[in-house]
Engineer: 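Dropping the structure in here first, questions after.
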Amino acid sequence: MRPISRGRTGTSETRSVPGDGSRTRRPMSSPQDAAQVAQPYPLSTLRHSVSHLMASAVAKLYPGAQFGFGPAVENGFYYDFDVAVPLADEDLRKIEKEMARSAKRAAPMTRIEVTRDEAKRRLAAKGQHYKIEAVDLIPEGETITFYSHGDWEDLCEGPHIDSFQRPFYFKLLSVAGAYWRGDEKRPMLQRIYGTAFWSQEELDAHLKWMEEVKLRDHRKLGTELDLFSVHGEAGGGFIFWHPNLGAVRRSIEEFWWEVHTRRGYKPVYTPHVSRETLFSISGHLEKYADLMYAPMEIEEQPYRVKPMNCPGHIMIYKTRGRSYRELPLRWAELGTVYRYERSGVLHGMLRVRGFTQDDAHIFCTPEQLADEIAGVVDLVHTTLSTFGFEYTAYLATRPEKSIGEEAVWAMATEALKRAAALKNLPLELDEGGGAFYGPKIDFKIRDALGREWQNSTIQCDFNLPQRFDLTFTDKDGLQKRPIMVHRAILGSMERFVGGLIEHFGGRFPLWCAPTQVAVIPIREEHTEYCQSLEARLQHALFRVDAKLAPGHMNTKIKEAQHDRVPFMLIAGDREAAEGTVAVRRRDTREQVVMPFAEFLALAEDLRDRRALDLGETTTARVAS
RNA sequence: GCUGCUGUAGCUCAGCAGGUAGAGCACUUCCUUGGUAAGGAAGAGGUCACGGGUUCGAUUCCCGUCAGCAGCUCCA
């Protein structure tokens with residue numbers, strides 16, 4: 001299906017939607033992909049064919065163009081070109097027009113088989129040296145084919161649609177650089193992304209979905225809702241959390257500590273800077289040197305800012321002898337780490353240089369491993385479902401380059417499997433995807449827009465306990481080595497909250513919304529009553545925005561709507577006299593009048609059980 | 001880091017073939033006392049990202065730096 005993209009698998013085909021910034025946040029198929037009506041060819045075949053059509057248009061418009069690969073991808077297709085001039089958006093429109101013309105002119109697509117030499121001869125005749133290289137990537141013994149339409153032909157395994165006479169709808173979306181064969185040491189080509197569908201409706205729906213993605217972009221909402229900022233003066237990749245997002249984070253942290261405390265985790269705090277020695281014992285200096293910041297000198301000793309929290313937790317473990325009686329130890333830290341990321345990869349809150357992991361380490365015996373992992377699986381479920389995420393779990397097994405005895409790997413992998421089985425967690429297999437120091441379970445969550453990202457992880461580690469010579473005294477009096485489990489559920493506060501902004505489109509559930517209740521007086525003389533509402537709400541620990549400044553009620557309602565405040569309480573003569581409030585929920589224009597105490601009880605209930613919705617009111621009368 | 005693009009008021013953006021700038025929203029003040037998404041008027045706000053260069057003169061042209069955007073490569 002993607003013959004000419006042989007040699008490239010996976011990652012790049014997940015990047016077709018603008019606004020996507022990281023591999024851990026791949027856009028999945030938009031809903032339209034699934035909705036297509038029965039066609040003789042899969043959508044990907046159409047898209048791949050359309051990429052050929054695009055290539056032929058580029059060949060015509062930009063003589064001398066060299067061609068790379070042009071596969072169908074998740075949400076469309078791309079083709080890489082080496083053309084002398086940088087392509088801009090206007091060029092895309094030009095190419096689209098030429099595509100439409102040549103689709104009419106040169107409708108049928110035909111396939112021919114050639115020998116390896118013939119293939120190279122044909123490509124050499126056109127001076128297509130990337131394509132000649134591509135021929136060499138085709139395994140010996142495989143049939144080599146060209147597909148053509150009109151006077152354009154392309155090395156390609158197919159399949160393709162039979163003819164551009166079939167109705168189809170396409171759009172070219174963006175252009176950006178891409179290294180030839182994904183190798184940064186090779187020349188950079190220009191990649192044009194596009195998409196195609198069988199019907200105009202599907203194309204429109206997809207474009208609309210892309211618009212929605214753009215509207216929800218956490219960077220856009222970050223400005224619009226006064227959530228966070230980054231500053232040139234402070235350097236890229238460092239997030240400044242504004243009070244609004246601070247409130248969101250605090251709520252999440254409280255929730256996080258709550259569920260962790262329930263599961264027997266204890267808080268620890270470790271320094272941000274340590275002597276380099278610590279990281280050379282841990283091996284980070286060697287393994288992760290390129291992501292660590294340069295040393296700073298303190299009294300002639302090199303110190304480093306921490307890229308990970310684990311060595312710190314290990315220091316605590318090692319302060320005294322440990323008995324089997326006290327295992328498992330579960331130590332948690334919202335630990336802020338700093339990692340060097342190349343400037344070009346920084347992306348809002350999703351890819352930064354300083355971030356806070358919701359980290360924890362479990363020190364346990366091999367016998368305890370499965371139960372401990374099962375506990376984390378529970379915790380992952382509790383946490384993710386609170387935000388309305390569905391997820392898939394992947395068991396990542398031993399990679400080629402790894403350390404540790406086979407028996408230990410087998411034991412830990414078995415423990416992961418057993419834990420999953422215990423919790424009825426289906427596991428997909430990620431063969432050889434484990435860390436070099438142990439197997440793991442990764443969780444991929446699916447957000448409200450159908451995009452997938454990876455945050456939660458449970459990793460067994462045989463390496464660090466060994467490097468730091470961790471021991472515990474077992475029942476039999478022998479010194480034994482504990483297993484260390486690294487686990488993060490949210491991943492990092494930055495990435496998780498950045499993703500949450502998009503998942504909720506800025507409309508946070510009540511429990512973590514920046515402002516939870518707006519109080520709006522109808523006239524200035526209702527200020528006093530509104531102040532009393534504000535005080536009572538604040539006393540109940542709600543974040544309240546009492547809009548008491550002079551100004552019109554309508555404007556205040558508009559502001560609260562803009563800020564996506566879950567509840568608006570509006571109060572005038574009647575409400576002040578009766579001790580009631582007119583409650584208006586976000587996303588509806590309806591209001592219900594109820595006694596303030598009733599509202600308070602309702603809101604507290606929604607908040608305290610961290611409901612995703614804003615509830616319903618059945619008892620109160622609808623305001624006239 | 002690489003390729004391409006971008007940086008003008010708090011935000012969204014005009015403008016300038018080189019003669020130091022404008023709109024809407026937001027903000028301030030005054031008027032408006034309004035029952036569910038923008039009442040009216042006036043005002044304030046800019047070293048046109050920063051540093052060099054070319055020029056009589058640079059926000060505009062050139063170079064560099066910083067930051068951002070779309071990707072590539074790599075990760076929570």
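Reminder, nothing fancy here: chain letters follow the sequence lines and each chain counts from 1. Given the structure is predicted, the values throughout are model-derived calculations rather than measurements.
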Engineer: By nearest nucleotide on RNA chain B, pick out whichever of M188(A) and G237(A) is the more 5' one.
Structural biologist: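 Result of the comparison: M188(A).
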Engineer: So if I take residues 551-561 of chain A and measure heavy-atom distances to RNA chain B, which residues fall below 4.0 Å?
Structural biologist: H552(A), M553(A), N554(A), T555(A), I557(A), K558(A), Q561(A)
Engineer: Quick check with a 6.0 Å cut-off and a 45 degree axis cone: is R495(A) positioned over the face of W453(A)'s six-membered ring?
Structural biologist: no
Engineer: If you find the nucleotide of RNA chain B closest to G491(A) and the one closest to E575(A), which residue's nucleotide is nearer the 5' end?
Structural biologist: E575(A)
Engineer: Indicate every side-chain donor-acceptor pair of residues 380-387 of chain A with a distance under 3.5 Å to a residue at least two apart or in another chain.
Structural biologist:
| residue | atom | partner | partner atom | Å |
| --- | --- | --- | --- | --- |
| H381(A) | ND1 | Y391(A) | OH | 2.7 |
| T382(A) | OG1 | D378(A) | O | 2.9 |
| T383(A) | OG1 | L379(A) | O | 2.7 |
| S385(A) | OG | H381(A) | O | 2.6 |
| S385(A) | OG | T382(A) | O | 3.4 |
| T386(A) | OG1 | T382(A) | O | 2.7 |

Engineer: Taking OP1 and OP2 of U73(B), is either one under 4.0 Å from a side-chain nitrogen or oxygen of R342(A)?
Structural biologist: no
Engineer: Between C1' on A70(B) and CD on Q190(A), what's the gap in Å once rounded to a whole number?
Structural biologist: 12 Å
Engineer: Write down the distance between CG (L189(A)) and C1' (C2(B)), rounded to a whole number of angstrom.
Structural biologist: 12 Å
Engineer: In B/S/- notation, 5' to 3', how is nucleotides 5-13 of chain B contacted by protein heavy atoms closer than 4.0 Å?
Structural biologist: ------S--
Engineer: Below the 4.0 Å mark, does A70(B) have OP1 or OP2 next to a side-chain nitrogen or oxygen of H347(A)?
Structural biologist: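 Checking A70(B) against H347(A), a side-chain N or O does come within under 4.0 Å of OP1 or OP2.
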Engineer: A70(B) pairs with which nucleotide, Watson-Crick or G-U wobble, both distances below 3.5 Å?
Structural biologist: U3(B)
Engineer: With a non-hydrogen cut-off below 4.0 angstrom, is G572(A) in contact with a base, only sugar-phosphate, or nothing?
Structural biologist: base
Engineer: Can you tell me how far P of G71(B) sits from CG of L172(A), to the nearest Å?
Structural biologist: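 Atom CG in L172(A) sits about 15 Å away from atom P in G71(B).
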Engineer: What is the distance from CZ of F355(A) to P of C75(B), rounded to the nearest Å?
Structural biologist: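 Those two atoms, CZ and P, are 13 Å apart.
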Engineer: So E341(A), base contact, sugar-phosphate only, or nothing? Heavy-atom distance under 4.0 Å.
Structural biologist: base
Engineer: Which part of the nucleic acid, if any, lies within reach of D183(A) when heavy atoms closer than 4.0 Å are counted: base, sugar-phosphate only, or nothing?
Structural biologist: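 Nothing: the residue D183(A), judged by heavy atoms under 4.0 Å, touches no strand.
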